[in-house]
A.B. asks: 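Handing you this structure, nothing more for now.
Lettering of chains follows the sequences in order, A, B, ..., and the numbering in each one begins at 1.
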2 protein chains.
Amino acid sequence: MQNMLETSARLLKLLSLLQSPREWSGTELAGRLEVSTRTVRNDVERLRNLGYPVHATRGAVGGYRLGAGANLPPLLLDDEEAVAVAVGLRTAAAGSIAGVEDTSLRALAKVEQVLPVRLRRRVNALQTYTVAVPARRRGPEVDPQVLTALAAACRDHERIRFDYRAHDGTATRRDAEPYRLVNWGRKWYLVAYDVQRGDWRTFRVDRIEPCPPGGPRFAPRPLPAEDLAAYVSRGVSTATWHYRARIVVHAPADVIAQRLPATAGSVEVIDEQTCAVTTGADTAESMAMWIGLLDADFTVQDAPELSAALRRLADRYRRAAG
Amino acid sequence: MQNMLETSARLLKLLSLLQSPREWSGTELAGRLEVSTRTVRNDVERLRNLGYPVHATRGAVGGYRLGAGANLPPLLLDDEEAVAVAVGLRTAAAGSIAGVEDTSLRALAKVEQVLPVRLRRRVNALQTYTVAVPARRRGPEVDPQVLTALAAACRDHERIRFDYRAHDGTATRRDAEPYRLVNWGRKWYLVAYDVQRGDWRTFRVDRIEPCPPGGPRFAPRPLPAEDLAAYVSRGVSTATWHYRARIVVHAPADVIAQRLPATAGSVEVIDEQTCAVTTGADTAESMAMWIGLLDADFTVQDAPELSAALRRLADRYRRAAG
DNA sequence: GGCCATTAGGAACAGTTCGTTCCTAATGGC
DNA sequence: GCCATTAGGAACGAACTGTTCCTAATGGCC
């Protein structure tokens with residue numbers, strides 16, 4: 001029994017050594033495991049019988065290596081951890097990363113199989129008696145292979161090539177230095193330096209189609225902003241504006257800066273009681289609405305559509321007030 | 001070796017049998033496992049040596065049972081499943097369920113320990129090179145014990161007692177029949193029938209402090225709505241309005257119903273070209289803004305604050321338009 | 001082709017483990 | 001006290017384990 005435990009421990013240790021991406025000679029393994037090389041060969045045979053694909057090369061530069069498709073060692077969790085895994089997998093199955101749903105449900109089935117009945121009933125009750133309010137919009141889905149490949153390219157400072165689908169569906173070939181992934185709610189963005197355009201760009205990950213092979217390594221540049229979250233959220237918001245305007249607001253700049261979300265525009269000081277706001281929106285009417293929320297008098301400069309919208313709204317409000 | 005595998009399989013089967021919430025006699029286990037009772041006693045001793053708390057009762061009605069705190073059997077995942085678990089645990093650690101974070105990180109450390117180096121580096125790169133745009137507001141946190149206890153009470157039709165903290169911090173004792181949990185973004189709500197008030201209520205789960213013991217079982221009533229998600233989201237939104245108004249809109253009801261979010265109010269038909277909208281907001285000005293977004297002429301009825309706000313806005317927009 | 005270093009695997013052996021049979025002892029309900 | 005349960009030691013034959021010893025095959029290098 002004690003020897004069986006030691007043998008099991010030695011098998012797990014062998015499996016762990018084989019999981020590093022190198023080749024091991026029988027002599028090296030025997031030294032590490034403190035057994036004879038014949039015993040190593042016995043253990044290798046046992047791992048193979050347990051389904052682990054151990055590959056061997058004979059000859060002067062031979063050795064052992066774990067092949068692709070190897071099963072992972074067993075995972076031992078306590079009650080709380082298993083419940084956390086089950087809850088986390090349900091959350092992931094409902095998230096923004098596509099393709100994780102099936103895998104998560106498969107893993108979840110395995111986790112539930114090892115849960116004792118009382119914990120399984122609890123996890124199931126939470127699922128059965130919870131109603132979710134649907135998100136206003138179903139977010140775009142992101143391929144986990146693409147996501148992790150981009151993360152690896154960021155880490156290794158490797159240039160990537162990809163086709164980028166624009167809003168209207170047309171695709172352009174891009175060659176870029178990837179730096180960071182940004183997750184904003186259900187959307188994922190890649191902050192990269194577009195080599196052909198010689199400038200920084202923010203790409204939607206769900207519109208990226210990688211074109212292997214990757215490119216050469218690059219020397220990293222300074223990032224375009226310290227606060228990348230703010231950089232991306234501001235850039236993304238302003239990119240969708242159809243109408244832009246510059247208005248003079250009759251209030252101090254710091255007061256208005258508090259009332260204006262960073263994604264809604266920018267504030268410049270004119271003097272102590274006046275500031276200029278550059279803003280925009282999809283429609284002139286909604287722009288007028290947002291400006292109204294600043295709760296201060298203002299003057300329009302060189303934005304005839306906005307002026308027209310303001311007159312229409314003023315007339316409508318005057319009539320409605322009675 | 002073959003016998004060693006059979007012994008391991010038999011130990012796992014014994015562990016599985018012991019996980020059901022009943023007591024097993026040695027004779028029964030011997031029959032199920034097709035070994036002698038002496039071997040069952042040997043196996044029980046082995047499970048104990050492996051850390052599983054197997055309790056035994058001697059005598060005429062004796063037997064074996066697995067005690068509290070038992071370790072779970074080993075979990076075998078493939079690569080994709082392990083990565084899904086790792087990604088799901090990171091998602092859960094960033095989610096709305098408090099207390100899951102520490103447990104998730106503990107489980108995550110165990111998962112990463114069994115991952116081969118190439119997968120571990122991938123999962124780590126995703127974490128390291130991802131920046132999250134912070135949510136506009138940090139959501140309230142929910143205790144997972146409370147959450148799963150409420151789910152179990154819903155399932156078993158058991159009345160619950162709890163202290164409910166209101167917005168201003170005061171707590172009231174409640175006695176309610178729980179029916180469903182509703183998850184809306186980062187907030188969790190409980191739809192229950194308040195027994196003392198004799199009516200349906202929607203409670204914020206983060207403000208519930210359960211007071212055990214639970215109450216008696218109840219015969220379930222019909223739910224207050226078929227679409228509970230809409231019921232809760234509408235009820236929650238309207239509860240926070242400081243100002244309410246009824247306006248007559250000069251447009252067909254179906255056109256306005258499309259433009260008005262369900263959480264922003266309700267639409268009634270007056271005739272083919274007119275409908276009535278009941279709406280509200282925190283301030284009269286923001287109510288005027290939302291109404292402006294309907295993009296239709298309207299008339300205010302019996303809402304002097306709204307009329308005054310509309311006049312002020314009309315004057316401001318007229319001056320700003322130049 | 002020879003040399004050398006690698007993996008592959010059979011055989012013998014002493015020591016260890018396993019499951020079974022047999023047995024005595026303790027416990028708990030009726 | 002009777003009966004049914006768990007507890008655990010001992011003996012035994014069968015099976016397993018790790019080591020030593022050995023022959024055979026493979027592959028790179030000179």
Side-chain angles (χ1 to χ4, degrees), chain A residues 1-70, chain B residues 1-70:
Chain A
M1 179 61 187
Q2 198 62 20
N3 275 8
M4 189 189 93
L5 281 186
E6 282 169 4
T7 300
S8 298
R10 197 179 67 234
L11 278 186
L12 285 177
K13 188 172 179 183
L14 173 60
L15 190 56
S16 176
L17 291 175
L18 288 177
Q19 287 197 335
S20 61
R22 56 159 292 196
E23 199 162 60
W24 296 85
S25 72
T27 311
E28 281 175 306
L29 293 174
R32 285 291 184 97
L33 302 169
E34 296 180 318
V35 289
S36 67
T37 56
R38 187 67 185 85
T39 300
V40 168
R41 290 200 296 276
N42 283 339
D43 286 353
V44 165
E45 184 66 19
R46 280 186 229 178
L47 284 183
R48 284 170 175 158
N49 287 341
L50 285 172
Y52 294 97
V54 184
H55 298 308
T57 311
R58 304 179 181 209
V61 286
Y64 298 96
R65 164 191 307 273
L66 200 59
Chain B
M1 178 62 187
Q2 197 65 21
N3 275 8
M4 188 188 91
L5 281 187
E6 284 169 1
T7 300
S8 299
R10 198 179 68 235
L11 278 186
L12 286 177
K13 188 171 177 183
L14 172 59
L15 189 56
S16 177
L17 291 175
L18 289 176
Q19 287 199 332
S20 60
R22 57 159 290 195
E23 199 163 55
W24 297 86
S25 72
T27 311
E28 281 175 308
L29 293 174
R32 284 290 185 94
L33 302 168
E34 296 180 319
V35 290
S36 68
T37 57
R38 186 68 185 83
T39 300
V40 167
R41 292 202 294 277
N42 284 339
D43 285 353
V44 165
E45 186 65 21
R46 279 185 229 179
L47 285 184
R48 284 171 175 158
N49 287 340
L50 287 173
Y52 294 96
V54 184
H55 298 308
T57 311
R58 301 177 184 213
V61 287
Y64 298 95
R65 165 191 304 271
L66 201 57

A.B. asks: What integer distance in Å separates A:L11:CG from D:dT17:C1'?
C.D. replies: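 That distance rounds to 12 Å.
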
A.B. asks: Is any side-chain nitrogen or oxygen of B:R46 closer than 4.0 Å to OP1 or OP2 of C:dT17?
C.D. replies: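 For C:dT17, neither OP1 nor OP2 has a side-chain N or O of B:R46 closer than 4.0 Å.
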
A.B. asks: For the CD atom of B:E45 and the CG atom of B:D43, what is their distance to the nearest 0.5 Å?
C.D. replies: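 Spacing of CD (B:E45) from CG (B:D43) equals 10.5 Å.
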
A.B. asks: A:N49 CG to D:dC16 C1': how many Å, rounded?
C.D. replies: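 About 14 Å, once rounded to whole Å.
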
A.B. asks: Could I get the full list of side-chain contact (heavy atoms from CB on, under 4.5 Å) partners for A:S25, not counting sequence neighbours?
C.D. replies: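 Result, side-chain contact (heavy atoms from CB on, under 4.5 Å) vs A:S25: A:T27, A:E28.
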
A.B. asks: Side chain of A:E45 only, please: which of C:dG9, C:dA8, D:dA7 is the nearest?
C.D. replies: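 Closest nucleotide to the A:E45 side chain: C:dG9.
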
A.B. asks: For B:H55 and B:G67, which heavy atoms make the closest approach, and how far apart are they?
C.D. replies: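 Shortest heavy-atom separation between B:H55 and B:G67 comes out as CD2-CA, 3.2 Å.
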
A.B. asks: List in chain and number order the residues that pass side chain to side chain donor-acceptor pair (under 3.5 Å) with A:R38, two or more places apart in sequence or in another chain; answer none if no residue qualifies.
C.D. replies: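 Counting only residues at least two positions away or on another chain, A:R38 forms a side chain to side chain donor-acceptor pair (under 3.5 Å) with A:N42.
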
A.B. asks: Using a 4.0 Å heavy-atom cut-off, does B:R48 contact any base of the nucleic acid, only the sugar-phosphate backbone, or nothing at all?
C.D. replies: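 Touches sugar-phosphate only.
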
A.B. asks: Rounded at 0.5 Å granularity, tell me how far CG in B:L29 sits from CZ in B:R10.
C.D. replies: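 It is 11.5 Å, given to the nearest 0.5 Å.
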
A.B. asks: Is A:R10 near enough to D:dT17 that one of its side-chain N or O atoms lies under 4.0 angstrom from OP1 or OP2?
C.D. replies: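 No, A:R10 has no side-chain N/O under 4.0 Å of OP1/OP2 on D:dT17.
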
A.B. asks: Of all heavy-atom pairs between B:A30 and B:S36, which one has the smallest distance, and what is that distance?
C.D. replies: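 Heavy atoms only, the tightest pair is CB-C, 4.0 Å.
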
A.B. asks: Mind calculating the distance between CG (A:D43) and P (C:dT7) to the nearest angstrom?
C.D. replies: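 After rounding, the gap between these two atoms is 14 Å.
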
A.B. asks: Treating primed atoms plus P, OP1 and OP2 as sugar-phosphate and everything else as base, which nucleotides of nucleotides 25-30 of chain D get B, S or - for protein heavy atoms under 4.0 Å?
C.D. replies: BBBS--

A.B. asks: Using whole Å, what does the distance between atom C1' of nucleotide D:dT5 and atom CH2 of B:W24 come to?
C.D. replies: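 It works out to 17 Å between those atoms.
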
A.B. asks: How would you list, by chain and number, every residue that makes a side-chain contact (heavy atoms from CB on, under 4.5 Å) with B:R32, sequence neighbours excluded?
C.D. replies: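 By the side-chain contact (heavy atoms from CB on, under 4.5 Å) rule, B:R32 matches B:L17, B:W24.
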
A.B. asks: Output all residues satisfying side-chain contact (heavy atoms from CB on, under 4.5 Å) with B:T57, sequence neighbours left out; order by chain, then residue number.
C.D. replies: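 In terms of side-chain contact (heavy atoms from CB on, under 4.5 Å), with neighbours along the sequence ignored, B:T57 is linked to B:E23.
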
A.B. asks: Does any part of the side chain of A:L33, heavy atoms only, come nearer than 4.5 Å to the side chain of A:T39, both counted from C-beta?
C.D. replies: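 No, their side chains stay 4.5 Å or more apart.
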
A.B. asks: Which residues within residues 26-42 of chain A lie with some heavy atom under 4.0 Å of an atom in DNA chain D?
C.D. replies: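 Those residues whose heavy atoms fall under 4.0 Å from DNA chain D, taken from residues 26-42 of chain A in numerical order, are A:V35, A:S36, A:R38, A:T39, A:N42.
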
A.B. asks: From B:L14 CG over to B:Y64 OH, what is the distance, rounded to the nearest 0.5 angstrom?
C.D. replies: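 Between atom CG of B:L14 and atom OH of B:Y64 there are 9.5 Å.
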
A.B. asks: Can you give me the bend angle of the helix from C:dG1-D:dC30 to C:dC30-D:dG1? Use the axis through the first five pairs and the one through the last five, nearest 10 degrees.
C.D. replies: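 The end-segment axes of the helix from C:dG1-D:dC30 to C:dC30-D:dG1 are tilted 30° relative to each other.
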
A.B. asks: Could you give the CG-to-P distance, from A:L14 to D:dT17, as a whole number of Å?
C.D. replies: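 My rounded result for the distance is 15 Å.
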
A.B. asks: Holding to side-chain contact (heavy atoms from CB on, under 4.5 Å), I want the full list of residues that pass it with B:S16, two or more places apart in sequence or in another chain.
C.D. replies: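 B:S16: no side-chain contact (heavy atoms from CB on, under 4.5 Å) contacts found.
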
